[in-house]
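Before any comments, here is the structure.
By convention here, the first residue in the shown sequence is residue 1.
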Amino acid sequence: MSTTGPHGALIDGRTGTRTGSDTGTGTGTGGRTAARSGTRTDALTAPRERASEETASSPLPHPEESTRAYVYGIGRDDGRLASLVGAGGGVDGHGVRLVPGGGLVALVSAVPAAAFDEEPLRRRLEHLPGLEELARAHHAVVDAAFARSPVLPLRLATVYTDAERVSGMLLAHRDAFIEMLTWLDGHVELGVKVFVDPAAASSAAHPSPAPEPEPASPGRAYLQRRRRQRRGTEDLYRAAESVTGQVTRAGRETARAVLAHRTQQGELSAGSGVNVANHAYLVPAHAEARFRADVEAAGSGVAGVRVEITGPWAPYSFASPVTEAGEESEGGAPPR
C-alpha cells in the first residue's frame, strides 16, 4: 500500500461509511484516521443528535445546489493557516478554503455533490484505488496544515451539506475544540507496531530441541516436524508478547497518552510478518528522538520479532478522548 497514515494504513485504514446530510459523511474504525468519537471533531455526538431534528425542519437543498463541503480539519483562526487558501492539493485537485466560526477555522474544499453524496462516496470508498487516492489527498492537506499550526484532523471523507453547516458545527463545539487544540499543541503522534515473522527467526535465537529418535514411519516423522514447528511458533509469539510489553513501558516514559488500535492484516499491513500490536503515542515534539531511541532499544534483540515506528503525524488518534470503537485512550483526554 503506497499511501499510509498514522498506523500504516489508508489514513488509519478507515473504511466503512457513515453518512448524514447535516453531520457529514465519514469513514472510520478508530482514529485517526482522523477524528474519533466521543467529543468528535468531524460529526460530533451533539451535531449527530441534532441531525434528525434539522433534517426534519430544514428544507432540502435546491436542485441547483451541486456542491458539498469536504472538511479536512480544524484549527485556530489566527492567520497561520491562511497560506493554504487556494491551494489545489485537496481531494480531486479541488482548492482549499477556510470556513470561520467562533475563533476557529475549518479546512474545506467545495466538492461536487454528484461525487460526494452518500451513495457515490460509498462506492468510492469500497474501491481500493479510489480510497487510496482520497486518503492521499486528505492526508496531504492535514499534513500541510499541521506544519503551520496545531490542527484537529477530521476523519477521512467528512462531508457536510454546505459551509454554513460547517460554521455552525464550529460554533456549537467551540469550547471543546479549543480545549483539544490547547492540549495537543506541541505534540505529535507516533505509531509503534510489533510484527511476528517466523521466516526471519534464526536458529541461534530459537535453538532446535534435542533430536528425537527416528520414527518408524514417514507419517510419524511428519507429525514430529509439525510438533517442532508448532512449539517454535508458540515460543515466537510469547517472545513477541514480552517485547510488546517492554516497548509499551518504554514508550510511556515519554508519551503523554497511549492508544491501542486494532492490529492490521492483509493489504493494510505493510511489510512481512503478522502484526500483533498496533499502538499510537502522543509524544511531545521535542522528545521524539528520545522516544524513538527508547522504543528501538526495548524492541531489539529478538529474532523473528520486528518493531516498526511510524510518523510523526498530526494527532489523528488523539483528536478526541474516545476512539471510533468506543475504546478510551489511556491518558488520551485533556485535563478537565
**Prompt:** Given side chains that start at C-beta, do those of Leu282 and Trp183 come closer than 4.5 Å, heavy atoms only?
**Reply:** yes

**With Arg174 via side chain to side chain donor-acceptor pair (under 3.5 Å) - residues at least two apart** = none

**Request:** Please identify each residue that fulfils side-chain contact (heavy atoms from CB on, under 4.5 Å) with Ala110, with sequence neighbours left out.
**Result:** none

**Message:** Looking at every non-hydrogen atom in both residues, tell me the closest pair between Pro100 and Asp77 and how far apart they are.
**Reply:** CB-OD2, 4.0 Å

**Asked** Is there side-chain contact between Leu131 and Leu156, with heavy atoms separated by less than 4.5 Å?
**Response** yes

**Complete:** Residue pairs meeting salt bridge (charged side-chain N to carboxylate O under 4.0 Å, His left out), one or both in residues 91-105, sequence neighbours left out, come to Asp92-Arg124

**Message:** With heavy-atom distances below 4.5 Å as the criterion, would you say the side chains of Glu296 and Val307 are in contact?
**Reply:** no

**Asked** Is the backbone of Arg262 close enough, under 3.5 Å, to the side chain of Asn278 for a donor and an acceptor to pair up by distance?
**Response** yes

**Item:** Student check: side-chain heavy atoms of Arg122 and Glu126 closer than 4.5 Å
**Value:** yes

**Item:** Minimum side-chain heavy-atom gap Pro315-His187 below 4.5 Å
**Value:** no

**Request:** Would you please name every residue forming a side chain to side chain donor-acceptor pair (under 3.5 Å) with Ser242, sequence neighbours left out?
**Result:** Gln246

**Message:** Any non-hydrogen side-chain atom of Met180 less than 4.5 Å from a side-chain atom of Ile74?
**Reply:** no

**Message:** Could you tell me if Thr254 and Arg292 have a donor-acceptor pair between their side chains, going purely by distance under 3.5 Å?
**Reply:** no

**Minimum heavy-atom distance between Pro153 and Ala314, given as atom pair plus value** = CG-CB, 3.9 Å

**Message:** Between Arg136 and Glu132, does any side-chain N to carboxylate O distance fall below 4.0 Å?
**Reply:** yes

**Request:** List in chain and number order the residues that pass side chain to side chain donor-acceptor pair (under 3.5 Å) with Asp78, two or more places apart in sequence or in another chain; answer none if no residue qualifies.
**Result:** Arg80

**Request:** Show your working on side-chain contact (heavy atoms from CB on, under 4.5 Å) between Thr248 and Tyr281 and close with a plain yes or no.
**Result:** CA-CA 10 Å; Thr248 303; Tyr281 293 81; 3.8 Å; yes

**Message:** Please say yes or no: joined through hydrophobic side-chain contacts below 4.5 Å, possibly via intermediate residues, are Val142 and Val85 part of one cluster?
**Reply:** yes

**Complete:** Between Ala277 and Thr263, the two heavy atoms sitting closest are N-CG2, 3.7 Å

**Item:** Heavy-atom side-chain proximity of Leu181 to Leu104 below 4.5 angstrom
**Value:** yes

**Request:** Kindly say whether Ser317 contributes a backbone atom to a donor-acceptor pair with the side chain of Glu189 at under 3.5 angstrom?
**Result:** yes

**Prompt:** Taking Asn275 for the side chain and Gln264 for the main chain, is one N or O donor matched with an acceptor at less than 3.5 Å?
**Reply:** yes

**Asked** side-chain contact (heavy atoms from CB on, under 4.5 Å) with Val141: which residues, sequence neighbours excluded?
**Response** Tyr72, Val96

**Fill in**
Correct closest heavy-atom pair for Ala163 and Ala69 would be N-CB, 4.1 Å

**Asked** Taking it one step at a time, do Val105 and Val99 satisfy side-chain contact (heavy atoms from CB on, under 4.5 Å)?
**Response** CA-CA 5 Å; Val105 290; Val99 174; over 6 Å; no

**Shortest non-hydrogen contact between Val188 and Ala285, atoms and distance** = CG1-CB, 4.2 Å

**Message:** Side chains of Leu184 and Pro150, heavy atoms from C-beta outward: is any pair under 4.5 Å?
**Reply:** no

**Asked** Step by step, would you call Thr182 with Arg76 a side-chain contact (heavy atoms from CB on, under 4.5 Å)?
**Response** CA-CA 10 Å; Thr182 300; Arg76 295 186 179 94; 3.3 Å; yes

**Item:** Expected output: side-chain Ser167 to main-chain Glu164 donor-acceptor under 3.5 Å
**Value:** no

**Val91 reachable from Leu128 in the ILVMFWY side-chain graph, under 4.5 Å edges** = yes

**Request:** Report yes or no: does Thr67 contribute a side-chain atom to a donor-acceptor pair with the main-chain N or O of Pro112 at less than 3.5 Å?
**Result:** no

**Asked** Is there a donor-acceptor pair under 3.5 Å between the side chain of His94 and the backbone N or O of Val108?
**Response** no

